[in-house]
Colleague: 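Sharing a structure, written as structure tokens. Questions coming.
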Amino acid sequence: MECRHVMTVNQVTPSARGCEECLAIGSPWVHLRLCRACGHVGCCDQSPHRHATAHFRATRHPIIEGYDPPEGWGWCYVDELVVELPDQTPQLGPIPRYI
């Protein structure tokens, strides 16, 4: 099965140097995910608050990139598939480590 949403992948600027919501509330995260539609940085589903998935549910932006550490893969929430990305988003600088 092929992902029907790869056309939504944009070159984006990361919104923060860590999970936006976790930084605001002082919460730790495990890994970061970058929305390739808008650049929102959220935490992964192994993190306490799962902000990347919450962002998908709120916006329906389908594809994220494994952002920290840079992992070179994408995930489509809608099709539940790993997707190849045309490029990898550069980090804005050192990402703080929490867990």
Colleague: What pairs with H5 under side chain to side chain donor-acceptor pair (under 3.5 Å), at least two apart in sequence or on another chain?
Modeller: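 Listed in chain order: D79.
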Colleague: Taking the hydrophobic residues Ile, Leu, Val, Met, Phe, Trp and Tyr, and joining any pair whose side-chain heavy atoms are under 4.5 Å apart, which ones share a cluster with M7?
Modeller: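 Its cluster partners, ordered by chain and number, are none at all.
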Colleague: Which residue pairs pass the salt bridge (charged side-chain N to carboxylate O under 4.0 Å, His left out) test when at least one of the two sits in residues 13-30, sequence neighbours left out?
Modeller: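 Of all non-adjacent pairs touching residues 13-30, none passes salt bridge (charged side-chain N to carboxylate O under 4.0 Å, His left out).
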Colleague: Where do L23 and A16 come nearest, in terms of heavy atoms and distance?
Modeller: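 Where L23 meets A16 most closely, the heavy atoms are CD1-CB, 4.3 Å.
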Colleague: Could you list all the salt bridge (charged side-chain N to carboxylate O under 4.0 Å, His left out) pairs where at least one residue sits in residues 24-38, not counting sequence neighbours?
Modeller: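 The answer is R33-E71, R36-E65, R36-D87.
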Colleague: Closest heavy-atom contact between L34 and G39?
Modeller: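 That would be CD1-O, 3.3 Å.
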Colleague: Quick one: list whatever passes ring-ring contact (aromatic ring centres under 6.0 Å, His included) with H49, sequence neighbours left out.
Modeller: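 With neighbours one apart ignored, the set is H51.
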Colleague: Checking one residue: V82. Which other hydrophobic residues are in its cluster under the side-chain 4.5 Å linking rule?
Modeller: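 Answer for V82: F56, I64, W73, W75, Y77, V78.
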Colleague: Provide the closest heavy-atom pair for C44 versus V30 in the form atom of the first, atom of the second, distance.
Modeller: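 Heavy atoms of C44 and V30 come nearest at SG-CB, 3.9 Å.
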Colleague: Taking the side chain as every heavy atom from C-beta outward, state whether H61 and T8 have any atom pair closer than 4.5 Å.
Modeller: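 No. Closest side-chain heavy atoms not under 4.5 Å.
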Colleague: Scan residues 47-62 for pairs that pass salt bridge (charged side-chain N to carboxylate O under 4.0 Å, His left out), counting only residues two or more places apart or in two chains.
Modeller: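 Of all non-adjacent pairs touching residues 47-62, none passes salt bridge (charged side-chain N to carboxylate O under 4.0 Å, His left out).
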Colleague: Suppose we screen for side chain to side chain donor-acceptor pair (under 3.5 Å). Which residues come up paired with N10, at least two apart in sequence or across chains?
Modeller: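 Once residues adjacent in sequence are excluded, N10 has no partner under the side chain to side chain donor-acceptor pair (under 3.5 Å) criterion.
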Colleague: side-chain contact (heavy atoms from CB on, under 4.5 Å) with T13: which residues, sequence neighbours excluded?
Modeller: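 Partners of T13 by the side-chain contact (heavy atoms from CB on, under 4.5 Å) criterion, ordered by chain and then number, come out as L92.
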Colleague: Do side-chain atoms of S47 reach the backbone of C43 as a donor and acceptor pair under 3.5 angstrom?
Modeller: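 No; judged by distance alone, with no hydrogens or angles, the pair does not exist.
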Colleague: Once ring-ring contact (aromatic ring centres under 6.0 Å, His included) is applied, do any residues pair with H31, and if so which ones, sequence neighbours excluded?
Modeller: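 None.
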Colleague: Are the side chains of T89 and P14 in touch, meaning some heavy atoms are under 4.5 Å apart?
Modeller: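 Yes; the side chains approach each other to less than 4.5 Å.
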Colleague: Of all heavy-atom pairs between P90 and Y67, which one has the smallest distance, and what is that distance?
Modeller: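 Looks like O-OH, 3.8 Å.
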Colleague: Kindly give the heavy-atom pair with the smallest separation between L85 and I63, and that separation in Å.
Modeller: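 Heavy atoms only, the tightest pair is CD2-CG2, 4.2 Å.
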Colleague: Rounded to the nearest 0.5 Å, how far does OG of S15 lie from NE2 of H40?
Modeller: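 The NE2 atom of H40 sits 5.5 Å away from the OG atom of S15.
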Colleague: Please list, chain by chain and in numerical order, all residues satisfying side chain to side chain donor-acceptor pair (under 3.5 Å) with Q88, sequence neighbours excluded.
Modeller: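 Scan of Q88 (side chain to side chain donor-acceptor pair (under 3.5 Å), adjacent residues dropped) gives none.
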Colleague: How about L32 and C19: do any of their side-chain heavy atoms sit closer than 4.5 Å?
Modeller: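 SC-SC contact between L32 and C19 confirmed.
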